[in-house]
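These notes are about the structure you will find just below.
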Amino acid sequence: MEINEANEPKESLNFIEEIVEEDIRNGKHGGRVHTRFPPEPNGYLHIGHAKAIVVSFGIAQKYGGITNLRFDDTNPVTEDTEYVDAIKRDIHWLGYDWDDREYYASDYFPKLYEFAVDLVKKGLAYVDDSSPEEIARMKGNPSQPGEESPFRLRSIEENLDLLERMRNGEFEEGSRVLRARVDMTSPNMHMRDPIIYRIKFAHHHRTGDQWCIYPMYDFAHGQSDSIEEITHSLCSLEFRHHRPLYDWFIEKLEIFPSRQIEFARMNVAFMITSKRKLLQLVKEGYVTGWDDPRMPTLTGMRRRGYPPAAIRMFADKAGVARRDNIIEYELLESCVREELNRTSARVMAVLNPLKVVLTNYPEGQVEQMDVENNPEDDSMGTRQMPFSKELYIERDDFMENPPPKYFRLAPGGEVRLKAGYIIRCDEVVKDQAGEIVELRCAYYPNSRSGSDTSGIKVKGTIHWVSAPHALEAEVRLYDRLFTDPTPDQHEGQDFKEFVNPESLKVLEKAYVEPALAEAKPMDQFQFLRMGYFSVDPDSTSAKMIFNRAVTLKDAWAKVQQKG
RNA sequence: AGACCCAUGGUGUAAUGGUAGCACUCCGGUUUUUGGUACCGUCAGUCUAGGUUCGAAUCCUUGUGGGUCUACCA
């Protein structure tokens with residue numbers, strides 16, 4: 001990293017930022033930066049879209065520009081208003097806004113039709129009566145040039161007439177298309193007289209039955225960019241081959257010269273983003289819906305408890321470049337932890353309860369213990385937790401025959417109850433099956449947290465809840481949906497074979513501290529030593545439900561694994 | 001196999017002809033009333049072969065590997 005005059009590290013730019021900064025230096029478009037995010041309203045937004053959103057909105061934000069939201073709704077057969085609202089909600093949730101610039105490619109249908117007429121008049125487009133099969137055959141293949149359609153040399157007048165009659169609904173669906181006259185010998189398949197209008201007698205979610213011809217992507221997207229005077233149109237690598245056509249239309253139509261810039265889309269290990277495959281997971285019941293916390297959808301990640309700031313950070317850290325990539329799942333988790341560590345209140349919850357009776361604690365006594373809400377942030381204050389004779393601790397925090405370096409409770413051993421007392425395990429009570437059902441312990445009255453004069457040194461501190469005060473809750477432990485980093489990249493194997501059977505574990509009867517009675521849906525907490533959890537939207541005061549977003553890092557688990 | 005794009009530690013991304021850096025992961029340590037956090041440290045990289053140059057991750061050529069393109073989808 002270079003050092004500038006201010007002796008501060010020089011920020012490194014990604015290749016898009018470099019292009020934008022150069023454009024600004026050159027005064028291109030008056031130094032204006034205007035991007036767009038163009039979802040098709042035919043599905044839910046996922047982690048891949050999140051990356052595109054962060055890049056497009058982020059670039060504009062960084063350079064004082066603005067971003068349009070534009071629904072790319074040129075295919076009435078697959079699109080629906082249902083998705084429009086979900087998409088808008090998800091983008092807002094991610095933290096971005098487009099003010100009143102909510103546009104639809106379908107709003108431009110009249111203008112797009114004018115463009116088509118213009119092209120015909122310039123002799124640059126023609127109506128082709130060939131069948132889909134014939135068109136495909138004449139297109140050739142990447143290593144062989146195509147051949148020209150017999151309809152390619154129709155007169156301008158005839159083309160104008162035919163186009164108008166197409167629009168008027170005089171021809172059957174599939175019987176004719178409008179094609180741009182470019183170059184049938186181009187090595188770029190997209191330049192071989194691409195279809196720009198097709199006939200579809202379909203009801204459009206916005207324009208209704210006004211139109212029976214609809215523009216193709218290549219004749220809608222770039223033109224919409226141009227109409228909106230988008231300066232930098234950012235898209236994924238797969239559109240690289242469309243760019244010559246994008247530029248061709250701009251040149252021939254003599255319209256605003258938006259510039260398309262492609263970057264590599266983000267792939268995340270253990271996640272899939274194919275709309276079709278995601279739909280399968282929903283339809284076939286592998287998940288409970290599009291907002292299942294295991295889904296890579298924005299709505300799923302929201303329910304999972306991933307903060308929008310964490311997703312933005314993740315997209316940011318993944319970077320922008322032009323090579324294929326698979327980002328490790330651990331980076332996402334790291335971002336989620338970083339954000340939640342800063343923002344979430346600590347509470348105690350015992351997921352797998354084991355009863356502890358303090359034999360020397362006065363019957364019926366209850367003490368209120370002060371506990372900090374977030375050691376990272378004093379401004380979050382403290383709360384009180386009731387302490388009594390009967391408690392629950394985590395089953396994993398006791399071992400009858402502990403290995404070396406086990407810092408928790410064991411027979412005859414001592415441990416501190418966080419913000420409470422130090423206790424000593426005197427007796428292990430088992431049922432007939434030999435399972436441990438209760439621990440009988442002694443507490444040291446002079447070891448109270450904050451005024452400890454016992455002088456006892458313990459290695460471990462564990463969380464707990466007071467049995468008579470604890471609230472029962474259901475806790476859903478989520479893990480990655482797949483067991484393989486690239487479940488849909490295995491030839492001959494269906495991606496569903498890699499669905500993780502342990503992606504969800506439901507704990508029906510966990511205990512949480514009473515302060516959680518006031519928690520509202522989507523509130524987020526760190527369950528001390530266990531992970532980050534949020535209140536599920538379906539949670540009620542009668543039945544609280546918590547979803548685990550991510551565990552805390554667990555150094556002990558690693559020690560154990562190594563044996 | 002036609003054209004186009006890409007190639008830097010395990011992963012991702014910088015270095016724009018001049019000391020290969022950062023983040024995540026991994027491993028080790030310090031602090032800790034969360035085996036968390038914070039902090040410190042270790043390991044580890046320029047795909048191959050040529051060329052240009054005083055000097056190449058960077059420019060050129062070649063090979064190799066990966067990706068994209070042949071929907072009336074976007």
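Chain A is the first sequence line, chain B the second, and so forth, proteins listed ahead of strands; every chain is numbered from 1.
Backbone-only contact: Met216(A) has heavy atoms under 4.0 Å from sugar-phosphate atoms and none from a base. As judged by a 4.0 angstrom heavy-atom cut-off over every strand, Gly460(A) is placed among residues making no nucleic acid contact. Among the atoms of the strands shown, none is found under 4.0 Å from any heavy atom of Lys459(A). When heavy atoms are screened at a 4.0 angstrom cut-off, Val458(A) is found touching no nucleic acid atom at all. Contacts of Lys418(A) with the nucleic acid, taken as non-hydrogen atoms under 4.0 Å apart, include base atoms. Among the protein residues, Arg416(A) comes within range of the nucleic acid bases, having at least one heavy atom under 4.0 Å from a base atom. At the heavy-atom level, Tyr197(A) lies nowhere under 4.0 Å from the strands shown. Within the 4.0 angstrom heavy-atom criterion, no nucleotide atom of any strand lies near Ile462(A). At the heavy-atom level, Ser449(A) lies under 4.0 Å from base atoms of the strands shown.
Leu552(A) CG to Arg529(A) CZ: the interatomic distance, rounded to the nearest 0.5 Å, is 10.0 Å. From Leu417(A), atom CG reaches atom CE of Met385(A) across 9.5 Å, with rounding to the nearest 0.5 Å.
Between Arg243(A) and the phosphate of C4(B), there is no side-chain N or O to OP1/OP2 separation shorter than 4.0 Å. For Lys275(A) and A74(B), the shortest distance from a side-chain N or O to OP1 or OP2 is not below 4.0 Å. Put simply, Thr74(A) has a side-chain N or O that comes within less than 4.0 Å of OP1 or OP2 on A74(B).
Put simply, the side chain of His190(A) and the base of A3(B) share no donor and acceptor less than 3.5 Å apart.
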